[in-house]
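Every heavy atom of this structure was used, including side-chain atoms; hydrogens, water molecules and symmetry mates were not.
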Amino acid sequence: MIFDTIRALLQQWAQDGTLPQMFTYGFVVNAFMAGLIIGPLLGGLGTLVVVKRFAFFSEAVGHAAMTGVAIGILVGEPYTGPYGSLFGFCLLFGILLNYLRNRTGLASDTLIGVFLSISLALGGSLLLLLAGKINIHILENVLFGSVLTVTSQDLLVLSVIGLLTTCLALFNYNHLILSSFNVQLAAVRKVRTTLMDYLFVVLVTLVTVAAVKVIGAILVGALLVIPAATARILAQSMRGFSWLSIAIAIVSTLAGILLPIQFALPVPSGAAIILVAGSVFILSALARGFIPALKGTTA
C-alpha cells in the first residue's frame with residue numbers, strides 16, 4: 001500500500017536525521033499524513049461555509065457524528081472505525097435538514113438548532129447505554145480526537161473522501177460560490193441552486209465525518225470555520241481568500257498534531273489544532289486593526 005511506502009520513507013529520513021526523531025514512530029507518520037489530507041479539505045471547503053454563512057451547520061454535523069458512532073457500536077461495527085453508521089447517519093442528518101429547510105420556511109439556524117438538539121439527546125442516551133460495554137477512552141477520542149489511533153484504514157478513507165470531495169468541489173466551484181453569494185443571480189444564469197445546496201451539504205458532511213477521528217466530534221466544525229474566517233480578514237481577493245484559508249488550515253492542523261507530541265503535552269489533537277487556528281485568527285484580527293494596509297480589505 002502507498003501509505004506503507006510513504007511511512008517507511010519518512011521513518012528512514014527520521015533515522016538519518018533529515019526529519020525530527022519523532023517521525024521514527026509509525027503513529028506520528030500516520031497522524032502527519034492525515035493532517036496533510038484534512039488541512040486542505042477543511043480549509044478549502046471552509047471558504048464556502050463562511051460565504052454561505054453556514055458555520056452552525058458544520059458544527060451540527062460534527063456533533064451528529066457522535067450519534068453516528070454510538071449507533072455503529074450498538075449495531076456491532078468496530079469501535080475503532082464505525083464508518084458505515086457514521087457516514088450513513090450524518091448524510092441522512094444533513095440531507096433531511098436541507099430538505100426541511102427548503103420546505104418549512106424556518107430560518108436555517110432555527111432548524112439546525114432543532115436537529116442538533118435531537119441528535120445530541122439521541123447520541124448522549126445511546127452512549128450512556130453503551131458506557132458499561134466500551135472503554136471510556138474511546139468516547140474521549142470521538143469527542144476530542146486522537147492522533148494515536150489513526151490507522152492505514154483511516155488514511156484510506158480520508159484519501160477516498162478527499163479525492164471525491166476535491167473532484168466534486170472543483171468541478172462545481174463557480175456554481176457553488178455564485179449560489180452562495182446570490183441565489184437570484186445564480187438562478188438567472190441557470191445554475192441549479194437546489195442541486196448546489198444539496199451538493200454543499202453532502203461535501204461538508206463527508207469532510208466533517210472523515211476528520212472526526214483526528215479533530216473530534218466537538219471541535220471539527222471549528223476547523224472548517226476558523227481558517228476561512230481568518231483568511232476573510234486578511235485576503236484582498238477571492239482567489240487569495242481560498243488559498244490563504246487552505247494554508248492556514250494546513251499549518252494549524254500539522255502544528256496541532258506535531259507540537260503536543262514534540263513537547264509531550266497532554267493535549268488532545270483536536271484541541272491543539274483549534275488552539276493554533278484560534279491563535280492565528282486573534283493575531284490576524286489584531287493585525288487588521290493596527291496595520292493600515294489590511295484595513296478595508298474584502299474577500
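Evaluation of the side chain to side chain donor-acceptor pair (under 3.5 Å) test over residues 115-129, restricted to residues two or more places apart or in two chains, returns Thr67-Ser119.
Placement of Ile250 and Val276 in two distinct hydrophobic clusters is found when ILVMFWY residues are connected by side-chain heavy-atom separations under 4.5 Å, directly or transitively. If you chain together hydrophobic residues whose side chains sit under 4.5 Å apart, Leu97 and Leu195 fall into the same group. Tyr25 and Ile261 fall within the same hydrophobic cluster, defined by Ile, Leu, Val, Met, Phe, Trp and Tyr side-chain heavy atoms under 4.5 Å apart, directly or through other members. Val114 is not connected to Leu92 by any chain of hydrophobic side-chain contacts under 4.5 Å among Ile, Leu, Val, Met, Phe, Trp and Tyr, and they are in different clusters.
In terms of heavy-atom proximity, Gly44 sits nearest to Ile246 at N-CG1, 3.5 Å. Contact detail for Ala70 and Gly123: the closest heavy-atom pair is CB-O, 4.3 Å. Minimum interatomic distance between Pro20 and Ala14 (heavy atoms only, all atoms of both residues): O-CB, 3.6 Å. Nearest approach of Phe115 to Leu100, heavy atoms of both residues: CZ-CD1, 3.6 Å. The minimum heavy-atom distance between Val50 and Ala229, with the atom names listed, is CG2-N, 4.0 Å.
With Asp154 as reference, Thr151 is the one residue of Thr151, Leu156, Val157 to meet the side-chain contact (heavy atoms from CB on, under 4.5 Å) rule. Of the candidates Ile273, Ile274, Val212, Leu219 forms a side-chain contact (heavy atoms from CB on, under 4.5 Å) with just one, namely Ile274. Partner Val150 forms a side-chain contact (heavy atoms from CB on, under 4.5 Å) with one of Leu158, Ile257, Leu155 and no other, that one being Leu155. With Phe89 as the partner, the side-chain contact (heavy atoms from CB on, under 4.5 Å) test is satisfied by one option alone out of Thr205, Ile71, Val209: Ile71.
For Thr193, the side chain to side chain donor-acceptor pair (under 3.5 Å) test picks out no residue, with sequence neighbours left out.
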With a cut-off of 3.5 Å and sequence neighbours excluded, list every side-chain donor-acceptor pair involving residues 160-169.
from, atom 1, to, atom 2, distance (Å)
Thr165, OG1, Ile161, O, 2.7
Thr166, OG1, Gly162, O, 2.7

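Residues Val251 and Val280 form no side-chain contact, since every pair of their non-hydrogen atoms from C-beta on lies 4.5 Å or further apart. The shortest side-chain heavy-atom distance between Tyr173 and Thr47 falls under the 4.5 Å cut-off.
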